[in-house]
Structures are given as structure tokens and as C-alpha cells.
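Written below as C-alpha cells is the structure these notes are about.
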Protein chains: 2
Amino acid sequence: MPATISISNRLLVALAAENLDPLRPHFQPVSLPHKQTLSKPGTSIEHVYFVQQGMVSLVQPLENGTMIEVGMIGNEGFVGVPVLLGAESSPLEAMVQIPGSALRMQASAFREEVTRRSTLLALLLRYVQALHIQVSLSAACNGRHTLPERLARWLLTARDRATSDELPLSHEFLSMMLGVRRAGVTVAVGTLKTAGLIRNSHGRVTIIDRQGLEAASCECYRTVRNEYERLLS
Amino acid sequence: MPATISISNRLLVALAAENLDPLRPHFQPVSLPHKQTLSKPGTSIEHVYFVQQGMVSLVQPLENGTMIEVGMIGNEGFVGVPVLLGAESSPLEAMVQIPGSALRMQASAFREEVTRRSTLLALLLRYVQALHIQVSLSAACNGRHTLPERLARWLLTARDRATSDELPLSHEFLSMMLGVRRAGVTVAVGTLKTAGLIRNSHGRVTIIDRQGLEAASCECYRTVRNEYERLLS
DNA sequence: GTCCATTTGTACGCTTATGTACCGACCTGA
DNA sequence: TCAGGTCGGTACATAAGCGTACAAATGGAC
């Protein structure tokens, strides 16, 4: 481990040195390979992850074997909200969608540090509020908006967390996130492609008109983004 | 105000006297009339409400003038999670669905008490986790389950909070909660009625076969209920 | 008892998305 | 260079839910 780890997680960046430095000894840099599961439904959560690069999806597995995404976490947040809130486990699964890296911390150490430092606690709780709004909007969005709108929203949200216009995603994976058929994604991708907003090849979607994509997306993208800005800046 | 207010909110009941008594002076008993709004999107939240009886819906208003429910709060919880998490406001609206009563507290006093008492904080955070799971499952449910399943889930969840098998609800209101057409609700109610699970007349739905309704509902009802039990008992 | 607003039942054509299936395109590694 | 797996495009019949409209039933106010 280097003497000082470079920090790109925005929660940690927001901390003054006096609040950040005591945490440093607990951090273990880890890479986040594609499709890795960071926490499994119903099992005890061992670590929290402050995402540095890449993107992690919160997904809900369903009894019929399908799954659907309910939230997204990038370098603006951390994986392990249940630990902060006092739960040992959660029915949700955290799965790496876009490969990257994170700073990992033992759940027990995390719990201890947080209860000791109220500034840290306050910051993390504001993040929980932002995530809560994101999940709430997902509920609304899944109920009321069309697939192309939701796809546009998803791509924009992912882009903000991936910090790249090129996203390594197959239609198959997108269909799991959006909770629809793979063939349905192909059609929706087709409409955005025809509109000149994105390009795609095998396992890769590229955003070429961010503005246009925002217009094609439902209001949910903007609402959630504004809420993150409001709460975490 | 009576010398001691009788407490039926389950969060407050779970507190030992030493943690509850300091809160008592802050409580103002209020009634929750049907359709009252407890907090409006985007406006500063003045009070938190520990629900004693009745049920409050968290709804997301959308740009097209419709709305959809993302969460439900009864005597197992409180209205005002954003205050606990450090936000002044939220895009969600809290609206009384089933009339009842609550203990109201100034947001500022609430914030102060909570930061001072870690037992109280820990309890309320576990509730936030349970609510978070409920909202997450709503997102999944809205994306993947059929209307009769979702209606059954909704009725069961409402029943648990109303503590009565007779719910004062019109199809119109149910359609707002479920984010579907009023006529769609009528059809879905019809299928549950034909199956002998519920009865309904003007502005009233009565559950007559709770077990059967649970079988007709999707897994989401059970998942969420189990999570509440796990976290709050 | 009568009136009237609210609530409920039902119908119609239409849109969105489903489930399944098949084939071609692309990419990697031997 | 070729083989084999993954990924993407398309098709077809079907189902779920929509938007709209209209009429019947209900029940509280007078």
C-alpha cells in the first residue's frame, strides 16, 4: 500500500484531512472486475466499498430468476448503506456493471469510525438520502415511463458514473438492468441509434449526443441529478 | 395535552423510558385527515410525524400530472426521513391515505434530540433501512409484476398499517397509488373479487381472505414484511 | 323519498412490451 | 485461418395495460 492513496471518491474528497486521515489505515485498494458481486442477498456484509472508478448496480433478484436494477453507485457514493443504517444484510445484490476500483473497508471498522465522527456520519447520511431519492425515482420510472425513455435515463446515469462516453455493456446486461427482454433492448437501442444519439457495437454502447439523449430521457434523470448536486455539494 | 400521551407508534414503543421521556415534551398529537399532505415536494420540511394510526403514502408526482406511490408509512415508522438524513426537503410528497393520528415534532427539535441520543438514532436508522428496502422492492415490483399481483401486495401492505380489513379507498385513489388507469384498477379488483379474496363497495375495499390474497400477491409483500420484522423487532 | 355527485362497470381500438425463435455479425483464441 | 462462443437484428403471434367514453349503481344531503 502506498504511503498515501490517491482519492477520487467524491464523498472522501469532501472530507477535511482531520476526518479523512483516521480512515486511511483502514482502506484497502481493490479492483472491481466486470460482473463481480460485492454483496449477496441475505448474507452478512463484510466490507463497504468507496467506489473510486467504475459503477456498481444495486439489483433485486426475483423468484422467477430474473432481476432488475433499483439503484446505481459510482464515485459519488459507497456500497454498504445497510451497514451504515445498522443492518447486517439486505435483500439487494451489489454487482459491478462497469469495471473500476474502490477503497474497501471492514464493515466493523466502518461502523466504529462512523459512530465516532459525526461529520462523517452526516456526510454519509446525506448520501443515503440522495440514493433513496434515486431508488424512489426508479420505482416511479419503472411504473410510468416507456422503455426508450428509461434506456436513455439509464445510459445518462451510467455515463455520469463511468466518466466516459463509451460504456462496456451488452444488450443482454442492459435487459437485466431495465427488467425487460433482451430483444426489447435491441429495439429501444435501435430507436436511440436512428435518432443519432448513440452508437453501438458488440458489448459496447457509445453516447454521441449527450444533450439529445437528455431530451429523449424522462424527467427522472434530471430530478435525481439535481438532488445529488443539492445534497452533496 | 394530557400528562402522558398514549403511544402506539411502534418505534416509540421500542424505546426505553429514558430515551422516550425526553421526547415527550416535543410531541404534539395531531389528527391525519384523509388526503392531507404532510410534506410537499421541494418545500422545507417543518415537522416529522410519528404515525400512531392510519397510513401515509410517499408519492412521486410526475411532469405529466400523474403520480405514483413509492412507499408506505404506518405506525411502524415516521414521516420525515429526509430530516433525519440531513436534507431540508425532498421531491417526494407525503399524503395521508388512511385517516388516523400522529405525534408531531418540530424538525429542528427532532434533529437536535437525534444527534444527542445514539440509541434513538440507531433505531430510526434501522427503520430507514427497512423503508429503503420497501422502496427498492416497489421499483422491482413496478417493473416486473402484473397489476393484480401489485394490487394484492398493496392491499396487504395497507392492511398491515390500517389494522382493519376494511380500507376506505376508491378505485380512483388506488389507480394513483399503483400508477395505472382507474379502469385498470376496476378490472384488477374484479379478478380479486371473483376469486373471493376481497369485497368492495363505493370507496371501500374489504379483505375477506387474507391468506388467499397473500398467495395472489407477488413475492414483494413477503420480502418486505420479513425485512421489517428482521430490522425492527 | 329524491336529487346529485361520486364511484364503479364495461367496451373499443391502440400501443407497448412479451416469449420464442432463428440467423447473421463480430470477436477471440487456438 | 478457422472454429466456436457471444452478441445483435428481426420476426410473429400474444398479452397487458392505455386512453377514452358512457352508462349504471350507490349513498349522503336535503
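Quick note on labels: first sequence line is chain A, next is B, and so on, each numbered from 1. All values derive from a computational prediction rather than experimental measurement.
The separation between A/Asn64 atom CG and C/dT18 atom P is 12 Å, rounded to whole Å. The separation between B/Ile198 atom CD1 and C/dT8 atom P is 11 Å, rounded to whole Å. Distance A/Asn142 CG to D/dA16 P: 19 Å, rounded to the nearest Å. Rounded to whole Å, the distance from NE2 on B/His171 to P on C/dA5 is 22 Å. Nucleotide C/dT8 holds its C1' atom 12 Å from the CG atom of B/Leu174, rounded to whole Å. One can place CZ of B/Arg199 at 18 Å from C1' of D/dA25, the figure rounded to the nearest angstrom. We find that CG of A/Leu167 is positioned 17 Å from C1' of D/dC7, with the value rounded to whole Å. A straight line from CG of B/Asn200 to P of D/dA25 spans 15 Å, rounded to a whole angstrom.
Where A/Arg144 and A/Val187 each meet DNA chain D at their nearest nucleotide, the meeting point lying more 5' is that of A/Val187. Checking A/Gly143 against A/Gly203, the closest nucleotide of DNA chain D that is more toward the 5' end is the one next to A/Gly203.
B/Ser164 places a side-chain N or O within donor-acceptor distance of the main-chain N or O of B/Glu166, the cut-off being under 3.5 Å. Side chain of B/Gln211 to main chain of B/Asp209: no donor-acceptor pair is present (N/O by atom type, distance under 3.5 Å, no hydrogens or angles). A donor-acceptor distance shorter than 3.5 angstrom exists from the side chain of B/Asn9 to the backbone of B/Val51, with no hydrogens or angles considered. Between the side chain of A/Glu219 and the backbone N or O of B/Glu63 there is at least one donor-acceptor pair closer than 3.5 Å. Here the side chain of B/Asn142 pairs a donor or acceptor atom with the backbone of A/Ala139 at under 3.5 angstrom. For the pair B/Thr194 (side chain) and B/Gly190 (backbone), a donor-acceptor distance under 3.5 Å is present.
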Listed pairs, N/O of protein and of nucleotides 12-17 of chain C, under 3.5 Å:
{"unit_1": "C/dA17", "atom_1": "OP1", "unit_2": "A/Leu147", "atom_2": "N", "d": "2.7"}

Show each protein N/O and nucleotides 22-30 of chain C N/O combination with a separation under 3.5 Å, one pair to a line.
{"unit_1": "C/dC26", "atom_1": "O4'", "unit_2": "A/His202", "atom_2": "NE2", "d": "3.4"}

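In the set D/dG8, D/dA11, D/dT20, the nucleotide with an atom closest to the side chain of A/Ala183 is D/dA11.
Backbone-only engagement by B/Ser170 is indicated by non-hydrogen atom pairs under 4.0 Å involving sugar-phosphate atoms exclusively.
Side-chain atoms of A/Asn75 and A/Val13, non-hydrogen and from C-beta on, never get closer than 4.5 Å to each other.
Here A/Arg230 pairs with A/Glu227 in a salt bridge; the nearest charged N to carboxylate O distance falls below 4.0 Å. The pair B/Arg210-B/Glu214 counts as a salt bridge, with a side-chain nitrogen and a carboxylate oxygen less than 4.0 angstrom apart.
Taking 4.0 angstrom as the limit, A/Lys193 places a side-chain polar atom (N or O) nearer than this to OP1 or OP2 of D/dG9.
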